Amino acid sequence: MTIDRPFSVEVRDAVTRRLRDLGFLVQWRRWGFYVDAGAVHIDINYMPLTLDEEFINRSRALGDILVPSIEDLIILKLMSGEDKDVEDVKKLLRLSNLDTHYLLRRSRDAGVDKDLLRIARRVGLRIDG
């Protein structure tokens with residue numbers, strides 16, 4: 001999930017307050033919110049870059065929820081930078097049919113291209129950069 005509003009303390013506090021009112025445990029991370037909903041954990045990213053037209057067009061709708069493409073999911077996980085997400089990226093980069101040109105371009109836009117290239121080398125994937 002991604003918030004498509006400019007960052008502000010007011011937006012952060014309003015979302016946090018509403019989620020806590022609903023009974024969720026909310027923790028702020030450098031990339032956004034971590035929400036503990038019991039058996040389900042939800043990451044809410046605060047990265048408007050990811051909700052541009054290209055991201056939306058490549059997503060799949062699941063009801064009112066947009067499910068990002070594998071490439072955009074990789075970018076979101078790289079932006080997080082957490083150990084568990086880096087491990088997920090290693091697995092995702094092993095999938096066939098990745099659009100590596102899109103992935104590299106979007107990683108540059110997000111400022112995580114060096115991380116992408118480093119991890120890709122580790123898993124034996126060549127991405128022209």
Side-chain angles (χ1 to χ4, degrees):
M1 188 178 291
T2 302
I3 296 173
D4 66 342
R5 302 276 186 266
F7 176 80
S8 72
V9 172
E10 292 80 17
V11 170
R12 180 199 67 195
D13 291 347
V15 171
T16 300
R17 193 171 34 258
R18 182 68 178 129
L19 289 169
R20 287 182 177 155
D21 287 347
L22 292 170
F24 298 112
L25 171 67
V26 180
Q27 299 173 2
W28 262 93
R29 307 280 172 93
R30 68 183 176 104
W31 44 262
F33 302 91
Y34 170 81
V35 181
D36 186 341
V40 176
H41 301 280
I42 304 165
D43 293 337
I44 303 176
N45 298 292
Y46 216 99
M47 300 167 207
L49 163 74
T50 59
L51 266 184
D52 63 9
E53 186 176 332
E54 201 166 19
F55 178 95
I56 292 168
N57 289 338
R58 293 176 61 92
S59 297
R60 290 194 178 166
L62 183 62
D64 292 337
I65 297 172
L66 287 179
V67 178
S69 68
I70 296 298
E71 294 83 3
D72 286 315
L73 181 60
I74 290 169
I75 298 302
L76 289 169
K77 288 183 171 290
L78 287 170
M79 291 170 87
S80 160
E82 293 193 15
D83 291 342
K84 69 178 181 65
D85 290 317
V86 170
E87 291 305 312
D88 290 344
V89 167
K90 289 177 185 176
K91 293 173 188 167
L92 292 169
L93 287 174
R94 291 184 176 107
L95 295 174
S96 60
N97 299 324
L98 285 177
D99 184 343
T100 57
H101 295 290
Y102 174 82
L103 184 58
L104 182 58
R105 182 172 53 77
R106 294 294 279 190
S107 70
R108 285 184 181 136
D109 293 344
V112 294
D113 51 313
K114 289 182 174 73
D115 296 322
L116 171 65
L117 294 171
R118 179 179 41 79
I119 295 169
R121 278 192 302 273
R122 283 187 196 163
V123 300
L125 176 65
R126 178 173 169 81
I127 299 179
D128 294 325

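What you see is a predicted model; the values in this text were computed from it and never measured.
Atom NZ in Lys114 sits 9.0 Å away from atom CG in Leu117 (nearest 0.5 Å). Distance check, rounded to the nearest 0.5 Å: CZ of Arg105 to OG1 of Thr100 gives 12.0 Å. Rounding to the nearest 0.5 angstrom, the gap separating the NZ atom in Lys77 from the CD atom in Glu82 is 9.5 Å. The CZ atom of Arg121 sits 9.5 Å away from atom CG of Leu116, with the distance rounded to the nearest 0.5 Å. Taking NE2 from His101 and CG from Leu103, the interatomic distance works out to 11.0 Å, rounded to the nearest 0.5 Å.
Hydrophobic clustering (ILVMFWY, side-chain heavy atoms < 4.5 Å, transitive): Ile75 and Tyr102 are in distinct clusters. Linking ILVMFWY side-chain heavy atoms closer than 4.5 Å, directly or via other members, places Leu73 and Met79 in a single hydrophobic cluster. Residues Val15 and Leu22 fall within the same hydrophobic cluster, defined by Ile, Leu, Val, Met, Phe, Trp and Tyr side chains chained together at heavy-atom separations under 4.5 Å. Hydrophobic clustering of Ile, Leu, Val, Met, Phe, Trp and Tyr side chains at less than 4.5 Å, counting indirect connections, unites Val89 with Val123.
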- Steps toward side chain to side chain contact (heavy atoms under 4.5 Å, CB included) verdict (Ile70, Asp99): CA-CA 9 Å; Ile70 296 298; Asp99 184 343; over 6 Å; no

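Ion pairing between a basic and an acidic side chain is recognised when a charged N comes within 4.0 Å of a carboxylate O; Lys90 and Glu87 show such pairing. Under the 4.0 Å criterion applied to side-chain N and carboxylate O atoms, Glu71 and Arg106 are not assigned as salt-bridge partners. Contact check on Asp115 versus Arg118 returns a salt bridge, with a Lys/Arg side-chain nitrogen under 4.0 Å from an Asp/Glu carboxylate oxygen.
No more than 12 heavy atoms of other residues, nucleotides or ligands sit less than 6.0 Å from atom CZ of Arg18. Counting non-hydrogen atoms of neighbouring residues, nucleotides and ligands closer than 6.0 angstrom, the CG atom of Asp83 reaches no more than 12 such neighbours.
Between the side chain of Ser107 and the main chain of Leu104, a donor-acceptor pair closer than 3.5 Å is present.
Between Leu98 and Ile127 there is no side-chain heavy-atom pair separated by less than 4.5 Å.
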